[in-house]
Structure formats: structure tokens, C-alpha cells
Amino acid sequence: MLKILRSWVRKLEVSHDKDLSFTEQFLTNDDLVPVPPEKRTWGTWNFIAFWIADSFNINTWMIVSSMVQLPVGLSWWQAWICVWLGYGVVAPFIVANARPGAIFHVTFPVVARTSFGLYGSLWCVFNRGAMACIWYGVQASIGGSCVLVMLRAMWPSVNNIPNSMPASSGTTTRDFMCFFLFWLISLPAIWYPIHKIRHLFTVKAFVAPAAGLTFFIWCIVKAHGVGPIIHQPSQQSGSALGWAMVSSLMSCISNMATLVTNAPDFASRARYPSAAGLPQLISVPLGFSIVSFIGIIVSSSSEAIYGEAIWSPIDLLGRFLDDHPSHATRFGVWFISASFIIAQLGTNISANSISAGCDLTALFPRYINIRRGGFIAAIVGLCMLPWNLLKSSNSFTSYLSAYSVFLSSIAGVMITDYWVIRKGHYRVKDLYSARKDGWYWYTYGINFRAYAAYIAGILINVVGFAGATGRSVPLAATRIYQMSFFTGFGVAALIYWTLNYIFPPLGAASSFKEVDVSAEEDLDVRGRGPIGSDADSDLDKKESIVEDTRSVHHSDI
């Protein structure tokens, strides 16, 4: 019986080199080693299409709603300025953390090893992977509401499906059917590897904006104008107005904390480093600001049409289907809701499925690759009953705000390590080796400098978070928490730099040069001279890296 069990366990393993040691099997597989040149297919327009596609989703559409309604009470243009500033500020952080992925073609879990250590990085990876699985379910639940509207446009009787599920389930037969359909149609997209899934984002970058523009014009025509929200003044003044804008700006940044952290995942597929630079810097604030503006105008128009502001585009489309709509209206709703399905699918793949796949691969490299990890995220998203999370929106929002504090501390350590401590110097072969003299071994595989900084970045916001959950706390703590991304990032970065100054690690550099030191050492030994500073072209020569990491063969599911 034991032999049979062992045989089945071996069959679950991803294919790997038989010469790998037991330790090496937990540090590497085909999806963890540097991406080979033939899979670096993401160019400038792919990154632009990616962010256009990612920005067009229901969360972005509704992001201004919490800013213009009480208790915040900003005017629409003040809220829109917050969106521009928030996403404009967060874009450089994305680019900065994506840089090592674009240069050395490794994913977030591997980049995290450079600062947190070979084994210390696993906690960071687990944090990001767990959140990706949770968000996968939440986004799938939102996608299910899009499916419901699309089906209603085709068959109005769908809305009257009798409920056979108990109240304790938290959903109805109709809603669960739509959720499951969205979940099901998402599975084929998980199958495709990262270097090919870029085509999905290209399609979405054309379809979703076309639907959004159609919805935008349709609502203005239907309302005979842009509606009253455009003329609604701010309900705040003085310092209250300033802090309301700070809080709104930070909500935009917090929404992107997850993508700041795992920015190397997509940058690792860049054809050249600059593709993951300026295109992301421009397209992030531009894409999210345009989508939020469309959401403002459409919601304002809805107040003129129905006497109340309907911020959810799906709810508004559902209202269009009430009271015996015409065939033209039903077709318009079908097209827009179908486009929203594609939009939610693309967002779920980019922000959650691929991230979970990369993270789970690093946690269990012997048994999981990116594809398997994506399917595991889908299963977790189904089993977690995400509609129950969305019911208690206040507590869920508070949890997400707290989670951004964890991620900002991780990003603070990672960015400081690459740009300030190591100054672009990597020793790639040490990323896959548990040698005690390796750069990333630190102390038993854990960099306690990084953890001290990480914890400090969290602690500075703990009191303020208690206040956000209803506890009585000093005003100063509340203000610190309202800037949680910057306070968490800044404190973590400062503490990390200080500790590295006092206790310099192996590989700390005095001048900036993006280079794989292990490849340079190999080339010196072979008598071919040191490699230059153009790390991207030099890293194409991966003979030494492949030898040292004993790269496994491509593993399908």
C-alpha cells in the first residue's frame, strides 16, 4: 500500500532533473528559473494593452463612488484628481519593483529571495498567494453578476429561476448558476502560459473600452445630459477636505498594492527592460483615470434617469432590462455585459490567477507549476463562497486596507534591496542553491534585517488600523494609518537600509550596475572576459545559470 501511495505521489511531481538534490527540488522548477529568450514575448504594446485591460473592470468603474458619497463627500473633480494622483504615484513603484524581473527574467517569488532569503521569502510569497486566491473568488463572484445581466438580455425568464438553495448558503440558485458559469469559462484562460496569455489582454484592450464608450454615450443621450453629480459641490472644507482627499488618494494606491508586489511576474517576460518601464509609467494612471471618469459620468446620468445614482454598471444595466425593454436595448445590454465578462476575466487572470500560480509554484516547486497553481486558485475561489465576503463589505474593505500594509512593507524591503543595497547586482545561481556561502543564504536562509524592517513597517500602522475597526485611538495614529502605504513602505525601507548599513550583507554594492555576477564569474573563468553592464543581452547567455540551477524540462499539467 505504501509503495502504491509513493508511486502516486511521484506521478504528481512536475518533471525535473533526476540529479537534483532533495533541497534543490524545493528551490527550483521550470517556472522558477530565469525565463528563456523564446518566452520573452512581452513588448511595449503588450504592457500598454495589459494595463488598459486591467484598468477596465467594475472596481475601477466604481472607485469614485466612495469618494463623492458621505462621509467623504468630495466633488466629482476632486475625486478624479485623487484618482490621477493615486495611480500616478503608484506607477513608479510598479516600475521600480518590476525592474529586476525585466533585467534578470525572474518572477516575484525569486526576486523576494534576494532580500528576504531563500526560505524567508516563503512567508511573503504565501501572503501574496493567499490574497490572490481570495481575490480570484471575489472577482469571479462579480463576474457572475455580469453573466446574469447578459443572460437576462437574451432570456428574460432567467431572472425568475426558482430558488432551491437554503438561506444558509448565502446565495440563490440563479446567482450561483451565473457565478459557476463565469468560473467555468475562466478555466481555459488559465491553461495558457504567461508568454501567450498576452493576447487575451490585447483583445480586452479593444473590446472593453469600446463597450465603455458605448455605455458612456448611451447614458448621456438617455439622460439628456451628464446628470446632477457633475454639479454637486464638495461637502468638505479646510483640513477635513485635505484629509478626505488624502484618504481617497490612498484608497487608489491600496488597490494597487498587490500588483506593486508581484510586478516582476509579468516583467520577467519582457523582450527588453524598457518595455516594462515607460509604458507602465504612463498607461497605469491614464487607463485607470479614464475608466473612473466614464464611471462618474454614467452614474451621474443614472441619477437623472432614475432619480438615484447607480454606481455599479451591472446594476444600471439590470435596470435597463426592467419594464419590457426594446430589442435594441436588450442587444445593447447584452453587448456591454458580455464585454464586462471579458473585462472581469482578464482582470482575474492578470491580478490573481497568474500571481497565485507563480506564488504556489515557489511554495511547492516539486509538485506545482504556474498552470497548476492557477487552477488551484480557481478551486479555492469556488470553495471559499466569495459572495459571503461581499455581503459584509465594510469589514472586507477594512481587511483589504490592512492587507495593503503588509504588502507595502514587503515592497519597501524589495525595492530598497535592489536599488540601494545591491544596486542592481545579482548572483542568479545563488537564488537556486542552499550553499552556506551564497549571497541569499543569510542566516539559515532567512534575512532577519528584512524581517525587522517588514515588522516595523506593519507596527507603525497597527494603532491606526484598530481605529479603523471602531476602537478609540489618537488622531495622530489615524492620520498615519490614512497614509498606510507610504508609512509602511517608508519605515520598512528606512529600517532595512539602516540595518544593512550597520551589518552589510554579502553582495552589497558601492556602485550601480545591473549585472549577474555569477555569469560574470563564469565568463572570467572561461577566459572570455567580464560581461558588460547591458545585463539584458548578457543574460541571454545562460549556460552557467542552466548548469547551476539544473533547469528542469518543460512541465505540463
Side-chain angles (χ1 to χ4, degrees), residues 31 35 39-61 87 90-91 94-95 97-98 101-102 105 107-108 132 135-136 139-140 142-143 146 182 185-213 255-256 258-272 274-292 294 336 338-358 370-371 373-374 377-378:
D31 285 337
V35 178
K39 292 184 179 179
R40 300 177 203 163
T41 55
W42 283 56
T44 297
W45 288 106
N46 294 122
F47 280 98
I48 292 174
F50 170 81
W51 285 111
I52 291 174
D54 191 76
S55 64
F56 199 99
N57 62 74
I58 294 173
N59 287 335
T60 308
W61 188 284
Y87 288 103
V90 82
I94 293 173
V95 173
N97 207 32
H105 305 288
T107 56
F108 156 67
W135 263 114
Y136 188 96
Q139 292 285 6
I142 297 173
C146 301
F182 181 86
I185 63 176
S186 301
L187 297 182
I190 298 175
W191 179 267
Y192 290 95
I194 299 177
H195 65 282
K196 291 184 178 180
I197 199 63
R198 70 190 192 281
H199 299 306
L200 170 64
F201 305 130
T202 301
V203 171
K204 179 184 169 182
F206 284 99
V207 173
L213 186 60
N255 283 341
M256 297 294 286
T258 53
L259 289 166
V260 170
T261 309
N262 72 294
D265 288 344
F266 294 98
S268 65
R269 269 67 183 175
R271 288 180 198 157
Y272 36 87
S274 59
L278 189 61
Q280 297 194 99
L281 199 63
I282 294 174
S283 55
V284 169
L286 188 62
F288 283 87
S289 299
I290 290 175
V291 172
S292 67
I294 293 174
I336 295 170
S339 300
F340 270 111
I341 291 173
I342 297 173
Q344 286 301 115
L345 171 61
T347 298
N348 221 7
I349 296 297
S350 64
N352 303 315
S353 172
I354 290 175
S355 175
C358 292
I370 293 177
R371 179 179 291 162

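What you see is a predicted model; the values in this text were computed from it and never measured. Along the sequence shown, residues carry numbers from 1.
Residues satisfying the ring-ring contact (aromatic ring centres under 6.0 Å, His included) test with Y136, not counting sequence neighbours, are none. For L259, the side chain to side chain contact (heavy atoms under 4.5 Å, CB included) test picks out W51, D54, M256, N262, A351, with sequence neighbours left out.
No donor-acceptor distance shorter than 3.5 angstrom exists from the side chain of S353 to the backbone of I190, with no hydrogens or angles considered. A donor-acceptor distance shorter than 3.5 angstrom exists from the side chain of Q344 to the backbone of I58, with no hydrogens or angles considered. Counting only distance, with no hydrogens or angles, the side chain of Q139 and the backbone of W135 share no donor-acceptor pair below 3.5 Å. The backbone N or O of G43 sits less than 3.5 Å from a side-chain atom of N46, completing a donor-acceptor pair. A donor-acceptor contact shorter than 3.5 Å links the side chain of S292 to the backbone of S289. A donor-acceptor pair under 3.5 Å links the side-chain atoms of S350 to the main chain of T347, judged by distance alone.
Residues F56 and A208 share a closest heavy-atom pair of CZ-O, 3.1 Å. Between A263 and I94, the shortest heavy-atom distance links the atoms CB-O, 3.6 Å. Heavy atoms only, all atoms of each residue included: I341 and C146 are closest at CG1-CB, 3.6 Å. Contact between A378 and L187 at its shortest, heavy atoms only, is CB-CD2, 4.0 Å. A pairwise comparison of heavy atoms in P279 and S274 identifies CD-O, 3.4 Å as the closest pair. When all heavy atoms of A267 and A98 are compared, the closest pair comes out as CB-O, 3.3 Å.
Considering CZ of R269 and CZ of R40, their distance stands at 10.5 Å, rounded to 0.5 Å. Summarising the geometry, atom CG belonging to L345 is positioned 5.5 Å from atom CD1 belonging to I349; distances are rounded to the nearest 0.5 Å.
Using a 30° and 60° split on the angle between ring planes, F50 and F266 fall in the tilted class, from 30° to 60°.
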Passes side-chain contact (heavy atoms from CB on, under 4.5 Å), F182 versus I142? Steps please. CA-CA 9 Å; F182 181 86; I142 297 173; over 6 Å; no
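Residues Y87 and N255 have side chains in contact (heavy-atom distance under 4.5 Å, counting atoms from C-beta outward).
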Please list every donor-acceptor pair under 3.5 Å in which a side-chain atom of residues 193-200 meets a protein atom from a residue at least two apart or in another chain.
unit_1, atom_1, unit_2, atom_2, d
R198, NH1, T41, OG1, 3.2
R198, NH1, H195, O, 2.2

